[in-house]
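Every number for a ligand or one of its atoms is a count from 1 in the order of the listing. Every value quoted in this text rests on a predicted model; they were computed, and no experiment measured them.
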Amino acid sequence: MVERGIYGGTFSPVHNGHVRAANAFYDLLSLEELFVVPTFLPPHKPEAVGCSAEDRLAMTRLAFADNPRRVTVSDYEILSGGTSYTYKTLMHFSAPDVRLTFLCGTDMFLTLPQWKHPDKLFALARIAHVRRTVLSEETEEAVLRCAEAYRRIYGGDIVHLQLPPCEISATMVRERCARREPIGDLVPPIVHDYIAAHRLYGNPAAGGLS
Ligand code: ATP
C-alpha cells in the first residue's frame, strides 16, 4: 500500500506555515509521496488573492523544489478549471494500492461537511488535521466533536498531527507586502525573491522587501 498525501490550498502565496505543515505531514505519517495541489480560482478571484494561478503555481513549485521528500506540485486543479471540488481531486489521485491522506488546517477541518459530497471525501481519504495556531479550549473541543461526528456519520478516518503551530497566513503576507513591510520571516527565500521580481501583492518597490 503506497501512502500518498494530498495538500490543497490557494497558496497565494505559499508560506513557511504551509511548508512546515507539509513537511510534518510527510514525516509524521511516513508518507511515500505528497501532491501539493494549488486550487483553480474563478476569474474574478485573482483580485482577491493578488496574483494569477500561474504565479501561485510557480511559487508553490519553487517552495518545494529543493525538498528532500518526494513532493510533486500538481497543476491538476488549475488546468481542470471550473470550481475545484476536493472529492474530485481525491478521485484523480486515488489508485488501487494507494492510501490517500488529505491534509487540512483547523479552519478547513471544521467545515468539511459543507464541502461537496463529504461522504465521498471521507470514503476516498483519511483526513489529517493540523493546528495553525494554539487553539482556544472551545475550538479544541469543537475539533474533537467534529472528529467524532465525522467518524460516526461518515466512517471517517481522522488523525491529528502534533506539531507546534506556526501562526503564518497568506493574508498576513499579502498585507505586509501591501504595506511594503518585510516578509523574509514568512516565506521561503526563493518565494520572497519571486514576489519581489514579479512585484506581486501591491507592487512592492524594489528593496521594499527584506
Ligand atoms: P489565506 O490567508 O489567504 O486564507 P492561508 O494562509 O489560509 O491563506 P491556504 O492556501 O488557504 O492558506 O491554506 C491551504 C491549507 O493550508 C489549508 O488547509 C489551511 O488550513 C492550511 N494552512 C494555512 N496556513 C497554515 C499554517 N500556518 N499552519 C498549518 N496549516 C496551514
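- Protein residues with a heavy atom closer than 4.0 Å to ligand 1 are Y7, G8, G9, T10, F11, H15, G17, H18, A21, C104, G105, D107, M108, V130, R132, C166, I168, S169, A170, T171, R174, listed by chain and number.
- There is no path of hydrophobic side-chain contacts, each under 4.5 Å, that joins F25 to L90.
- Applying the side chain to side chain donor-acceptor pair (under 3.5 Å) rule to H160 yields the partners H129; only residues at least two apart in sequence or on another chain are considered.
- Under the 4.5 Å side-chain heavy-atom criterion for Ile, Leu, Val, Met, Phe, Trp and Tyr, V98 and F102 are members of the same hydrophobic cluster.
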Review point. Yes or no on side-chain hydrogen bond (donor to acceptor under 3.5 Å, both in side chains) for E77 and T89, after CA distance, side-chain angles and deciding distance?
Key: CA-CA 7 Å; E77 288 193 0; T89 301; 2.5 Å; yes
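- Using a 4.0 Å cut-off between charged side-chain N and carboxylate O, R126 and E3 make a salt bridge.
- Y7 and F11 have perpendicular rings, their planes meeting at more than 60° on a 0 to 90° scale where under 30° would count as parallel.
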